[in-house]
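See below for the structure under consideration.
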Amino acid sequence: MSTNNVSITLQNTEDARPIVEAITADNPDATVHHYPAMVKIDCPGHLTISAESVGERLGRDWDPQELHLSVISLSGNIDEDDDHFDLSWN
Amino acid sequence: MAKKIPLKRKYEMMTRGLAWDTTYQDMDDVYPYDKFEGIKIHDWDAWEDPFRLTQDAYWKYQAEKERKLYAVIDSFAQNNGQLGLSDARYLGALKLFLTGVSPLEYQAHRHFAHLARNIRGTGAQVAAQMQSIDELRHAQTQIHAISHYNKYFDGLHDFTHMHDRVWYLSVPKSFFDDAVSAGPFEFFTAISFSFEYVLTNLLFVPFMSGAAYNGDLATVTFGFSAQSDESRHMTLGLEVIKFLLEQDEANVPIIQHWIDKWFWRGHRLLSLVGMMMDYMLPKKIMSWKDAWEMYFEEQGGALFEDLARYGIRPPMHAEQANNEKHRISHEVWAIFYQYTHAAGFHTWDIDDEHKAWLSAEYPDTFDKYYRPRLDLWKQMAADGNRYYNMALPQLCQVCQIPMGFTEPDDPTTICFRSREYQGDRYHFCSDGCQYIFDHEPEKYIQAWLPVHQIFQGNCGGAEIPDVLNWYHLNLGVDNMAYEGSAEEKIWNDWMATRRVGAART
Ligand SMILES: [Fe+2]
Ligand SMILES: [Fe+2]
Ligand SMILES: [Zn+2]
């Protein structure tokens with residue numbers, strides 16, 4: 001598997017904050033870069049967003065499709081289902 | 001409570017589950033456009049949208065995005081948000097964006113509607129339907145921004161008319177005309193993959209973050225709202241390429257050529273964005289060079305390593321583009337500085353602080369090649385002799401940008417390439433543009449080149465005021481030096497009033 005960075009960029013909003021927190025907690029290799037109005041997260045090879053982990057922080061169920069409200073850019077192959085949203089390079 | 005249908009199953013039901021093959025009419029007659037490019041597809045069902053977005057969820061999330069966006073746009077208008085801008089010079093970048101890009105959103109809307117009807121795979125149809133509606137939304141929200149800014153500032157009063165006529169707006173217009181006049185799979189490779197997946201980050205992400213940094217709440221909000229759709233479009237771009245490459249080996253060389261072509265087309269188009277980032281944002285967020293390294297060299301590099309398993313290599317002129325990251329923003333700014341009397345926005349002399357920033361960001365090139373020119377121009381302006389170039393430039397036959405780019409191995413020599421075709425000579429700014437012409441000369445000889453059209457007498461007259469009249473631009477109001485412009489004056493007056501108001505409280 002490639003160790004090139006996959007990447008996700010989210011808006012700096014209330015909606016996105018628990019997602020960013022879940023990503024940093026669940027992906028120890030992730031690096032978070034802050035820019036005006038946005039946050040870019042890079043991670044070597046693979047990055048996962050767990051619906052459970054975001055839901056715990058939100059205090060309610062979280063559907064990975066809610067990501068559509070916050071995401072502004074992606075890099076990597078996507079794998080999405082009811083409980084996760086993953087990015088990876090082969 | 002009814003049990004929720006799992007995402008994968010729901011996607012099945014809402015795409016392929018709704019489709020059928022025609023029997024009264026031959027499928028090839030119903031879908032006449034998806035074979036002539038030579039792309040071979042054996043199994044359309046292998047198409048999967050990784051987001052598995054279905055219409056019900058689509059409308060729900062889009063409605064939410066619109067609610068948020070218009071709340072911000074409303075309060076921006078209500079509270080005179082334009083007064084919060086870092087400086088009125090910022091508007092130059094915004095005007096170029098809104099007159100150059102917004103009409104392309106509408107073109108994208110139309111063409112994705114066409115694709116949704118004319119490709120036979122259901123997953124692809126559904127994705128194209130959604131994108132068509134997204135792009136219409138992008139056009140609308142940007143027109144709302146135009147409408148607001150047009151109340152206070154110059155140059156935005158007739159953007160559709162200008163898009164069809166003004167010399168530098170022919171650069172984005174002809175780019176998109178080239179794409180929509182290609183077949184459906186070339187369009188996907190051009191717009192969804194090469195532009196949206198590989199390059200669009202450079203247009204929307206650092207620039208919109210820059211808009212936020214410069215106090216333009218309206219733009220960052222429509223920009224990021226659009227970009228949230230864009231991440232779906234990018235995903236479509238990557239999926240479409242992987243799907244086509246997996247379907248048949250014979251598709252590989254066809255796709256490779258399109259990637260080579262559209263990478264260079266996009267790179268040239270984005271040189272305008274490079275200028276906006278390095279020269280037109282009063283508060284800088286990152287240089288064009290850094291953005292290029294982050295989004296093309298790093299992210300694009302990872303992408304092309306991933307695609308190597310299909311036999312795809314990085315775009316043909318990628319090395320040349322990497323090499324140009326030290327130059328193009330400076331070269332394009334020089335073009336607009338000289339021709340600002342024929343544009344719909346102002347340019348200005350660069351102050352010392354800005355030069356110091358450019359020098360730090362471009363240690364190999366700025367002081368050596370570009371600073372002396374800026375110093376000279378500033379001196380000329382101080383002597384009452386601000387430089388305007390009165391000769392019309394030679395345009396590149398393919399990208400339509402004035403020929404101001406330089407030789408790959410020599411940043412001090414303008415790059416000229418030319419070809420003779422059927423007895424006429426055509427000119428190009430680069431090897432990349434010449435390569436594109438060589439593959440489809442019969443297409444590019446039809447290019448509507450603004451300068452040629454002026455000389456042929458098709459643009460209202462032979463003098464610059466006649467042409468500007470024909471563009472619906474107001475000479476000396478919408479354009480020329482920012483210093484001494486009506487826009488500078490009104491901005492300074494507003495800021496002075498604000499300071500007086502603040503002193504009173
Ligand atoms: Fe768009
Ligand atoms: Fe798009
Ligand atoms: Zn060119």
Expected output: side-chain B/Asp306 to main-chain A/Trp89 donor-acceptor under 3.5 Å
no

If you look only at pairs with a residue in residues 216-226 of chain B, which of them pass as a side-chain hydrogen bond (donor to acceptor under 3.5 Å, both in side chains), with sequence neighbours excluded?
B/Tyr90-B/Asp216, B/Arg137-B/Ser225, B/Tyr149-B/Asp216, B/Asp216-B/Thr219

Tabulate, in ascending numerical order, the residues of residues 46-62 of chain A having at least one heavy atom closer than 4.5 Å to a heavy atom of chain B, or enter 'none'.
none

Using non-hydrogen atoms and a 4.5 Å limit, figure out which bit of B/Leu303 sits close to chain A: side chain, backbone, both or neither.
both

To the nearest 0.5 angstrom, please state how far the NZ atom of B/Lys68 sits from the CG atom of A/Leu69.
5.0 Å

On a heavy-atom basis, which atom in B/Glu305 and which in A/Asn4 lie closest, and how many Å separate them?
OE1-ND2, 2.8 Å

Beyond-backbone contact of B/Lys242 with A/Asn77, side-chain heavy atoms, under 4.5 angstrom
yes

Could you look at A/Asp15 and say if it's the side chain, the backbone, both or neither that has a heavy atom under 4.5 Å from chain B?
side chain

Could you pull out the closest heavy-atom pair between B/Val205 and A/Ser73, with the gap in Å?
CG2-CB, 4.1 Å

Between B/Val220 and A/Ala37, which heavy-atom pair has the shortest distance, and what is it?
CG2-CB, 4.0 Å

When the 4.5 angstrom heavy-atom criterion is applied to B/Gln62 and chain A, the contacting part is neither

Do A/Asp63 and B/Lys60 pass the salt bridge (charged side-chain N to carboxylate O under 4.0 Å, His left out) test, and can you show the C-alpha distance, the side-chain angles, and the key distance before you say yes or no?
CA-CA 13 Å; A/Asp63 185 332; B/Lys60 184 175 100 186; 5.5 Å; no

My understanding is that only residues two or more places apart in sequence, or in another chain, count here; which of them pass salt bridge (Lys or Arg N to Asp or Glu O under 4.0 Å) with B/Asp49?
none

Please confirm whether the backbone N or O of B/Arg52 pairs with a side-chain atom of A/Gln65, one donor and one acceptor, at under 3.5 Å?
yes

For B/Glu48, which atoms come within 4.5 Å of any heavy atom of chain A: side chain, backbone, both, or neither?
neither

How are the rings of B/Phe51 and A/Phe85 set to each other: parallel, tilted or perpendicular (split at 30° and 60°)?
parallel

Rounded to the nearest 0.5 Å, what separates atom OH in B/Tyr58 from atom NE2 in A/His68?
10.5 Å

Toward chain A: residues of residues 286-296 of chain B with heavy atoms under 4.5 Å:
B/Met286, B/Met294, B/Tyr295

Tell me whether B/Ser228 contacts the main-chain N or O of A/Ser70 through its side chain, where contact means a donor paired with an acceptor under 3.5 Å.
no

